[in-house]
Amino acid sequence: MEALFDNREAILAGFWATIRLAAMSALLSLVLGTLLAALRVAPVPVLRWSGTVYVNVLRNTPLTLVLLFCSLGISNTLQLNFDVYDPSFNGYWLAIVGLTAYTATFVCETLRSGINTVPLGQAEAARAIGLTFFQSMRLVILPQAFRAVITPLGSVLIALTKNTTVVIVAGYAEAAFVMKEMLYESTGGTLEIFLGFALGFVVLTLPIGFLTGRLARRLEVKR
Amino acid sequence: MALENVNKHFGELHVLKDINLEVAHGEVVVVIGPSGGGKSTLCRTINRLETIDSGTITLDGEPLPAEGKALARLRADVGMVFQSFNLFAHRTILQNVTLGPLKVRKVPREEADKEAMELLDRVGIAAQAAKYPAQLSGGQQQRAAIARALAMKPKLMLFDEPTSALDPEMVAEVLEVMTGLAEAGMTMIVVTHEMGFARSAARRVVFMADGQIVEEAAPESFFTAPSSDRARDFLSKILRH
């Protein structure tokens, strides 16, 4: 326990970075994923096609590659940066770009399966009162689709929270980075360091599953 | 409202064959006929929930727009009532009725709420305004769906077998609302199996079978002396019981 206690500030700072990464990426990937889902069911073939290509490319690329591309490709080679004078800030946002681009595809596919649970008659009724495609998506279809997939969306967010550890390859210091440093420098207590960090992630992710489960029951659409 | 030489196929199946039909302002036309005869499809082509392969459909002399904003505007002017109600399941009855006026007509919230309550009162379910569709009986849901369509102040109302999914006890309450509408001068096209309603409320009965309009007549002459064999056969089967 000593190893953990002595490094508590570094550990807490690491988990705080993890939380900030996960929260911001979650928010942005929900937005991007919703847009992608709308594209994938759009009546215009070009929109559908571009949504499909994006999802299939990003979803089937390992996250490590996506994040390496963000840090080495976008930042180093292309010199596209958020703020060159603040490496930490820059690394944070580059990591978020990668995590969001990747996670949004899973949000999209989850949401699309939710759209499939909404009876066709709902869309027909929406069109019949004169709503446009995007209005009927926003006001009728997506609200019902979201409620149907809250639990699986929770799983996507849990996966995202744990996936933040891959950011280690992009050079942003979060919990996994702190653990690596500690293991590297420590002379003992390897197991307790591992268990301490593992527990930290359980504390972060368990409530996501619990809350989304409750939310799903409360917001369920009765038919 | 006029259809001219309208044709439609579902794959190999020719579901609408050279349909010609005109409906005047304030007219109530009831479409009857055997299942699979193209009645529902005909109804759905009029607000373009189904596309057509050839022919023209015009409303007030204007051809139906193919897509986009113009099509949405047309649909706002044509009320539609479905067999399976299709109320928005995540919204209350009041919210179902006000959605169109608020988002399509851009009516202010207060006015939309007030008009919606008047409509719900007219169809006899004002007390259910705050409930969700799943909490209502089928008859109440269908009356709410009629109120939702009326809230758009449509020029024309389409009813696609509005009572076919209802328990027998609830058919009457929905037909009553529809009869009231017909008497108030609403232009209506009603696909139904309710012969009583066809007899009492229709100005004209259209008999459809195998994708064709077989016969068109005033209800009295249609029911007492149908001119085609197909209609005679159909009527003999359903009126026997």
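Just so it is clear, the model here is predicted, and its values are computed rather than measured. Atom set for the values below is all heavy atoms of this structure, side chains included, hydrogens, waters and symmetry mates excluded. Note on naming: letters A, B, ... go to the chains in the order of the sequence lines (proteins, then strands), and numbering restarts at 1 for each one.
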So how far is it from B:Lys103 NZ to A:Thr132 OG1, rounded to the nearest 0.5 Å?
11.0 Å
Where on B:Leu87 is there a heavy atom nearer than 4.5 Å to chain A: the side chain, the backbone, both, or neither?
backbone
Which atoms of A:Gln135 are under 4.5 Å from chain B, going by heavy atoms: the side chain, the backbone, both sets, or neither?
side chain
CG-CG distance between B:Leu99 and A:Leu139, expressed to the nearest 0.5 angstrom
5.5 Å
Around atom NE2 of B:His9, are there more than 12 heavy atoms from other residues, nucleotides or ligands closer than 6.0 Å?
yes
Correct closest heavy-atom pair for A:Gln122 and B:Phe88 would be OE1-CA, 3.2 Å
Contacting region of B:Arg44 [heavy-atom separation from chain A under 4.5 Å]
side chain
Options A:Ala128, A:Pro119, A:Pro43, ranked by heavy-atom pairs under 4.5 Å with chain B, top entry:
A:Ala128
Taking the side chain as C-beta and beyond, is there a heavy-atom pair between B:Asn47 and A:Arg127 under 4.5 Å?
no
Under a 4.5 Å heavy-atom cut-off, does chain A meet the side chain of B:Tyr132, its backbone, both or neither?
neither
Under 4.5 Å from any heavy atom of chain A, what part of B:Ala89 do you find: side chain, backbone, both or neither?
both
How many angstroms lie between CG in B:Asn86 and CD1 in A:Ile129, if you round to the nearest 0.5 Å?
11.5 Å
What distance separates B:His90 NE2 from A:Lys222 NZ, expressed to the nearest 0.5 Å?
14.5 Å
Could you give the distance from CZ (B:Arg75) to CG (A:Leu131), rounded to the nearest 0.5 Å?
10.5 Å
Whether over 12 other heavy atoms sit under 6.0 Å from A:Arg214 CZ:
no
So what's closer than 4.5 Å to chain B heavy atoms on A:Val140: side chain, backbone, both or neither?
both
Note: vs chain A, highest number of non-hydrogen pairs under 4.5 angstrom among B:Met80, B:Arg91, B:Lys69 is B:Arg91
For A:Ala123, is it the side chain, the backbone, both or neither that has a heavy atom under 4.5 Å from a heavy atom of chain B?
neither
